[in-house]
Q: 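Here it is, the structure, as structure tokens.
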Amino acid sequence: QVQLVESGGGLVQVGGSLRLSCAASGRTFSSYTMGWFRQAPGKEREFVATISWSVGSTYYADSVKGRFTISRDKVKKTVSLQMDSLKPDDTAVYYCAALNPPYGTRSIFDAQQYSYWGQGTQVTVSS
């Protein structure tokens, strides 16, 4: 079993920054991919960013590329999402998720492929 707990959400003005953190526990993650997804009211959950636990390979949604940075700390077992230049469209509940192998390359972008999820943290960007 894997437990994921997010923190760091809140209210921020347009152009501001927030840093989300996801604390992982329960087992080793050496072969896992960790992802951040978000869900706005009335919309489907969408991919934001992902990172491979072992080598640190990252992928980003086009909508956040250049503004968000995903990282992981193997010692602390945390995955972070640094969000800069925030926009009102970034308002959503943000979820941390873990994808365990085996999985195909396209699976890392698909929320339905992830087995473990945190409870979510609200991010609100005000204009």
Q: Rounded to the nearest 0.5 Å, what separates atom OG1 in Thr50 from atom CG in Leu81?
A: 11.0 Å
Q: Stepwise, does the side-chain contact (heavy atoms from CB on, under 4.5 Å) test hold for Tyr32 with Tyr116?
A: CA-CA 11 Å; Tyr32 278 55; Tyr116 304 101; 4.0 Å; yes
Q: Check whether Ile51 and Leu99 end up in the same hydrophobic cluster, where Ile, Leu, Val, Met, Phe, Trp and Tyr are linked by side-chain heavy atoms less than 4.5 Å apart.
A: no
Q: Can you list everything that forms a ring-ring contact (aromatic ring centres under 6.0 Å, His included) with Phe37? Sequence neighbours excluded, please.
A: Phe47, Tyr114, Trp117
Q: Test: salt bridge (charged side-chain N to carboxylate O under 4.0 Å, His left out). Region: residues 107-118. Which pairs qualify, not counting sequence neighbours?
A: none
Q: Grab the two heavy atoms, one from Tyr60 and one from Ala49, that are nearest each other, plus how far apart they are.
A: CD2-CB, 3.6 Å
Q: Using every non-hydrogen atom in the two residues, find where Ser85 and Ser17 come nearest and quote the distance to one decimal.
A: N-OG, 4.4 Å
Q: Only pairs at least two apart or in different chains count here, so list each disulfide bond (SG atoms under 2.5 Å apart) that has a residue in residues 25-59.
A: none
Q: So which heavy atom on Glu6 is nearest to which on Cys96, and how close?
A: OE2-N, 2.7 Å
Q: For Tyr94, check ring-ring contact (aromatic ring centres under 6.0 Å, His included) against everything at least two apart and list the hits.
A: none
Q: Check Val123, Ile70, Val79, Val48 against Leu20 for a side chain to side chain contact (heavy atoms under 4.5 Å, CB included) and give me the one that passes.
A: Val123
Q: Mind checking side-chain hydrogen bond (donor to acceptor under 3.5 Å, both in side chains) for Asp73 and listing every partner two or more places apart, or none if nothing turns up?
A: none
Q: How long is the straight-line distance from CD of Gln119 back to CG of Leu4, given to the nearest 0.5 Å?
A: 9.0 Å
Q: Please give me the minimum heavy-atom distance between Lys74 and Trp53, naming the atom from each residue.
A: CE-O, 3.0 Å
Q: Looking at every non-hydrogen atom in both residues, tell me the closest pair between Ala92 and Gln122 and how far apart they are.
A: O-NE2, 3.5 Å
Q: After noting the C-alpha distance and the side-chain angles of Gln82 and Ser80, does the key distance pass the side-chain hydrogen bond (donor to acceptor under 3.5 Å, both in side chains) rule?
A: CA-CA 6 Å; Gln82 177 66 39; Ser80 297; over 6 Å; no
Q: Quick one: pull up OG1 in Thr124 and CG in Leu86 and give me the separation to the nearest 0.5 Å.
A: 10.5 Å
Q: Who passes side-chain hydrogen bond (donor to acceptor under 3.5 Å, both in side chains) against Thr58, sequence neighbours left out?
A: none
Q: Among pairs that include at least one residue of residues 78-89, which meet salt bridge (charged side-chain N to carboxylate O under 4.0 Å, His left out), considering only residues two or more places apart or in two chains?
A: none
Q: Kindly write out the residues that satisfy side-chain contact (heavy atoms from CB on, under 4.5 Å) with Ser115, not counting sequence neighbours, or none if the list is empty.
A: Asn100
Q: Please answer: with hydrophobic residues joined when any side-chain heavy atoms are less than 4.5 Å apart, are Trp36 and Val125 in the same cluster?
A: yes
Q: Just jot down the side-chain contact (heavy atoms from CB on, under 4.5 Å) partners of Ser127, sequence neighbours excluded, or say none.
A: Val14, Pro88
Q: Do any pairs count as a salt bridge (charged side-chain N to carboxylate O under 4.0 Å, His left out) and have a residue in residues 35-46, sequence neighbours left out, and if so which ones?
A: Arg38-Glu46, Arg38-Asp90
Q: Between Phe109 and Tyr59, does the ring centroid distance fall short of 6.0 Å?
A: yes
Q: Identify, with sequence neighbours excluded, every residue that meets side-chain hydrogen bond (donor to acceptor under 3.5 Å, both in side chains) alongside Ser126.
A: none
Q: Quick one: list whatever passes side-chain hydrogen bond (donor to acceptor under 3.5 Å, both in side chains) with Arg72, sequence neighbours left out.
A: none
Q: Search all heavy atoms of Tyr95 against all heavy atoms of Gly118 and return the closest pair with its distance.
A: CD2-O, 3.7 Å
